[in-house]
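Atoms within each ligand, like the ligands themselves, are counted from 1 in listed order. Hydrogens, waters and symmetry mates play no part in the numbers below; they use all other heavy atoms, side chains included.
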Amino acid sequence: MKAERFIGCVLGLATGDAMGAPYEGGLLERGIWRLIGKTRDGCLRWTDDTQMAIDLAESLLSDGHVAPDRLARRFAFSYRWSRGYGPGARKVLRRIRRGEPWEQAVHRGFPGGSYGNGAAMRAPIVALFFAHDLRQTIASARSSARVTHAHPLGIEGAVMIAVAAHSLLAGDSIEQMVDAVRGECSMPEMCVRVDRFSEWMRGNEQPGPQDVARHLGNGTSAPTSCPTALYVAARHMNKSFEEMMRFVMACRGDVDTIAAMAGALWGIGNGYERLPPVRLESREQLVSIATRLYDEQVRVGHAEPSKDLSSRS
Ligand code: F2R
Ligand code: MG
Ligand code: MG
């Protein structure tokens with residue numbers, strides 16, 4: 001277990017999000033991001049994907065476990081329209097902020113709850129915090145998803161990404177990672193896509209981005225983005241982050257989120273030093289969060305103390 005991988009995961013998520021954000025959505029969303037996509041000092045701004053990952057990390061670090069009421073309130077009070085939240089998440093979080101219990105509010109975005117990818121995009125954080133325990137990773141991915149995503153597909157997306165991150169942190173090969181994910185899939189919408197890209201991998205097929213988008217999806221729902229992100233990360237694990245980003249951009253659709261999920265997985269596999277040297281909003285805060293998540297692994301005896309890496313970020 002290496003601190004570099006923790007930093008790689010958090011910075012990979014935020015870098016994928018920030019680099020992908022200008023390419024997400026339609027003309028209106030792209031136009032808005034062109035106006036607000038940089039901070040005053042010229043850093044790339046990240047979106048809801050990274051904000052929710054930060055909130056989840058701070059919540060786990062202060063409570064030691066998923067505390068749903070406090071987690072829901074933290075998500076709700078961090079909500080800003082300018083981070084580009086999904087429409088369902090926006091409704092749910094505004095209601096929680098007004099005092100509605102999350103158990104009720106979570107059904108207000110969509111009847112039956114959201115199956116968006118909003119719970120999956122923050123799930124790598126769960127794997128970092130519970131890197132010592134797969135069962136706790138899975139249970140906590142579920143409970144951290146439920147406060148905003150009541151639909152089983154939204155929850156399964158979070159489990160899928162958390163299991164992939166856990167497996168890579170444990171040093172598994174790409175094939176072992178895909179097997180671990182497939183073992184936790186239960187919804188046909190997910191299973192069929194994981195089976196599809198597993199076939200590609202076994203047959204050494206390299207479909208282009210348009211075919212990947214057509215067969216696996218490029219949408220904002222969990223089933224049309226989580227398997228895509230897993231496949232993209234697996235295919236680019238031994239390539240550069242920049243090449244992976246070009247591929248995700250060419251897939252189009254929910255580019256920031258597919259890149260955030262794939263970026264987190266790529267960062268676990270490769271560490272942070274080969275990430276593109278972009279100026280990223282609140283980089284020091286992100287490195288500090290990753291370092292504190294690693295320190296938690298040291299505390300539970302699952303990792304060796306590491307020298308302070310924040311100065312090298
Ligand atoms: N939403 C955005 N960006 C806006 C531009 C999107 C563009 N129009 C496009 O389609 O590409 N970004 C952020 O939202 C995603 C995370 O979403 P989250 O938090 O899961 O939100 P939400 O709204 O609950 O779900 C997302 C979409 O999934 C579909 N959906 C979910 N549950 C549904 C249900 N029960 N019935 C029908 N549809 C459901 C809806 O289309 C939701 O809008 C990330 O991309 C993040 O970057
Ligand atoms: Mg986003
Ligand atoms: Mg998105």
Side-chain angles (χ1 to χ4, degrees), residues 12-37 44-56 71-72 74-76 78-96 102 105-125 141 144-161 187 189-190 213 217-226 228-229 232 245 248-249 251-264 280-281:
L13 189 157
T15 304
D17 178 15
M19 287 178 75
Y23 301 89
E24 187 200 34
L27 278 179
L28 179 64
E29 287 97 357
R30 287 165 181 234
I32 292 175
W33 205 255
R34 207 157 284 161
L35 295 175
I36 64 168
L44 290 187
R45 282 184 74 226
W46 31 256
T47 76
D48 56 332
D49 307 48
T50 304
Q51 182 60 59
M52 293 194 116
I54 292 172
D55 290 335
L56 178 53
L71 178 61
R74 198 182 277 269
F75 284 148
S78 292
Y79 170 82
R80 302 280 179 280
W81 77 266
S82 57
R83 292 287 185 197
Y85 284 74
R90 183 173 62 229
K91 279 189 201 152
V92 170
L93 296 178
R94 281 178 168 172
R95 281 174 173 271
I96 296 171
W102 66 266
V106 77
H107 296 287
R108 307 291 195 185
F110 294 100
S114 171
Y115 52 69
N117 53 18
M121 68 197 185
R122 60 193 190 233
I125 298 296
S144 65
R146 275 192 201 106
V147 302
T148 48
H149 291 70
H151 195 287
L153 276 170
I155 296 169
E156 186 150 309
V159 171
M160 181 178 258
I161 298 298
M187 310 289 289
E189 294 89 335
M190 294 291 198
N218 63 358
T220 52
S221 76
T224 61
S225 58
C226 297
T228 312
V232 167
M245 280 306 303
V248 179
M249 287 167 189
C251 287
R252 305 174 76 115
D254 194 0
V255 178
D256 69 329
T257 303
I258 293 171
M261 295 188 285
L280 187 63
E281 178 184 7

2.8 Å cut-off met by an N, O or S atom of Thr47 to the Mg ion (ligand 2): yes

Every residue of the protein that comes under 4.0 Å of ligand 1, judged on heavy atoms: Glu24, Gly25, Glu29, Asp48, Asp49, Gly84, Tyr85, Gly86, Pro87, Gly88, Ala89, Phe110, Gly113, Ser114, Tyr115, Gly116, Asn117, Gly118, His149, Thr220, Asp254, Asp256, Thr257

Check: Thr47/Asp17 side-chain N/O donor and acceptor closer than 3.5 Å: yes

N, O or S of Thr257 under 2.8 Å from the Mg ion (ligand 3):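 A backbone or side-chain N, O or S atom of Thr257 is under 2.8 Å from the Mg ion (ligand 3).
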
Distance-minimising heavy-atom pair for Leu56 and Phe75: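 It is N-CE2, 4.1 Å.
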
Heavy-atom pair with the smallest gap, counting every atom of Leu13 and Met121: CD1-O, 3.5 Å

Looking only at atom types and distance, does a side-chain atom of [X] sit under 3.5 Å from a main-chain N or O of [Y], one as donor and one as acceptor?
X: Arg45; Y: Ile36; value: yes
X: Thr228; Y: Gly217; value: yes
X: Glu24; Y: Ala21; value: no
X: Arg83; Y: Tyr79; value: no

For the Mg ion (ligand 3): the N/O/S atom of [X] at shortest distance:
X: Glu24; answer: OE2
X: Asp254; answer: OD1
X: Asp256; answer: OD1

Test applied, side-chain contact (heavy atoms from CB on, under 4.5 Å); reference residue, Tyr115; option that passes from His151, Glu189, Met187: His151

Residue among Asp49, Thr220, Asn218 satisfying side-chain contact (heavy atoms from CB on, under 4.5 Å) with Thr257: Asp49

OD1 (Asp48) to the Mg ion (ligand 2) to OD1 (Asp49) angle, given to the nearest 10 degrees: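 Rounding to the nearest 10 degrees gives 80°.
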
